[in-house]
Amino acid sequence: MNKIKLISSVVLVLIFAVTSAGCITGDTYYVGIDTDGTDPFIIQDAKTGEFSGFDVESMKWIAQHENMNIEFISMNWDNIIPSLLSGEIDLIYSDMSVTEERMELINFSKPYMTLDIVVASNKNLNTTMDDFFTGNATIGIPSGTTSQNFVRNNFGEDYDHMVSDGIIVVYSYVDEMFSALDNGDVQTVVFEKSAIRGYAENSKNIYILGETGVNEGIAVGMRKENTELLEKINHGLTDLMDSDKWIELKKKYGLN
């Protein structure tokens with residue numbers, strides 16, 4: 001998911017250990033993930049706490065393929081890059097978009113997918129894309145994301161005033177943002193199409209209003225000095241993307 005991080009204290013919400021089958025050698029690699037609004041990439045079972053999703057299954061496959069021992073660590077998205085830089089985690093495999101700002105801080109693997117950024121609305125509000133682009137509709141965006149960057153660039157110098165006036169509402173949590181849209185507290189939100197589809201399936205009100213023309217490549221993030229891990233992840237990703245498992249996972253999670 002597409003988020004630029006601020007340095008803050010790390011809050012570990014849940015640790016889920018995954019030991020890959022086969023011969024495991026070397027140290028454990030700690031994989032940072034965020035479960036807020038990241039379906040179908042990261043999914044957490046409400047009853048068992050177990051993780052699934054496209055990114056989780058991909059990482060498990062790579063771990064087995066590359067003889068890696070891994071642990072998934074779930075944390076607040078704003079803490080994920082600081083946690084990587086401080087050494088609390090070794091990589092970020094969580095729907096993370098590649099941006100110039102992030103590339104100044106960390107290394108990225110080869111991109112494994114491109115996602116479209118779209119505008120969603122509430123069917124009861126009769127909002128149009130013209131309302132959105134002219135600032136005549138309230139707009140919800142998740143903090144520190146590509147979606148926020150798009151809205152900031154679209155409105156330019158008016159952005160800060162629109163935030164102050166409540167026309168643009170910045171949310172810390174994606175679930176909170178979509179709840180506001182479902183309740184009609186905001187007229188539109190900007191986010192990834194794949195995630196919006198998931199929310200729309202569980203709501204009678206939410207639907208995709210229109211396209212922004214913006215897309216983003218997502219990749220695995222690592223510390224710049226960890227070139228050995230970068231090579232390992234890229235090798236695993238290449239083999240995974242060339243395998244039948246890749247096709248199976250994309251079909252399973254609706255990412256065809």
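From a predicted model like this one, the values you see are computed outputs, not experimental measurements.
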(Q) In this structure, would I208 and M177 fall into the same cluster of hydrophobic residues linked by side-chain contacts under 4.5 Å? (A)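 Yes.
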Would a hydrophobic clustering, with Ile, Leu, Val, Met, Phe, Trp and Tyr connected at side-chain separations under 4.5 Å, put L125 with V186?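 No, no single cluster joins them.
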message = Do the side chains of R152 and D160 get close enough for a salt bridge, i.e. N-O under 4.0 angstrom?
response = no
Under 30°, 30 to 60°, or over 60°: which ring-plane class applies to [X] and [Y], parallel, tilted or perpendicular?
{"X": "W246", "Y": "Y112", "result": "perpendicular"}
{"X": "F54", "Y": "F41", "result": "perpendicular"}
{"X": "F72", "Y": "F51", "result": "perpendicular"}

Quick one, [X] and [Y] - any side-chain contact, counting heavy atoms below 4.5 Å?
{"X": "K245", "Y": "L240", "answer": "yes"}
{"X": "T35", "Y": "I43", "answer": "no"}
{"X": "L255", "Y": "S194", "answer": "yes"}
{"X": "I106", "Y": "L84", "answer": "yes"}
{"X": "M96", "Y": "I218", "answer": "no"}
{"X": "T145", "Y": "E192", "answer": "no"}
{"X": "F108", "Y": "M222", "answer": "no"}
{"X": "I81", "Y": "L105", "answer": "yes"}

From [atom1] ([X]) to [atom2] ([Y]), nearest 0.5 Å:
{"X": "Y253", "Y": "E57", "atom1": "OH", "atom2": "CD", "value": "3.5 Å"}
{"X": "S58", "Y": "K250", "atom1": "OG", "atom2": "NZ", "value": "10.5 Å"}
{"X": "S109", "Y": "H235", "atom1": "OG", "atom2": "NE2", "value": "14.0 Å"}
{"X": "I33", "Y": "I80", "atom1": "CD1", "atom2": "CD1", "value": "8.0 Å"}
{"X": "N69", "Y": "T28", "atom1": "CG", "atom2": "OG1", "value": "3.5 Å"}
{"X": "T212", "Y": "K193", "atom1": "OG1", "atom2": "NZ", "value": "9.5 Å"}

When you check the side-chain N and O atoms of [X] and [Y], is any donor under 3.5 Å from an acceptor?
{"X": "T188", "Y": "S121", "value": "no"}
{"X": "D34", "Y": "S94", "value": "no"}
{"X": "N122", "Y": "Y207", "value": "no"}

Residues pairing under ring-ring contact (aromatic ring centres under 6.0 Å, His included) where one sits in residues 129-171, two or more places apart or in two chains, turn out to be none
Hits for side-chain hydrogen bond (donor to acceptor under 3.5 Å, both in side chains) against K123, two or more places apart or cross-chain, chain-then-number order -> none
Q.
I'd like to know whether D90 forms a side chain to side chain contact (heavy atoms under 4.5 Å, CB included) with L229, so could you lay out the CA-CA distance, the side-chain angles of the two residues, the decisive distance to 0.1 Å, and finally the verdict.
A. CA-CA 9 Å; D90 297 295; L229 180 58; 4.2 Å; yes
Heavy-atom nearest pair, V174 first then D36, reads N-OD2, 2.6 Å
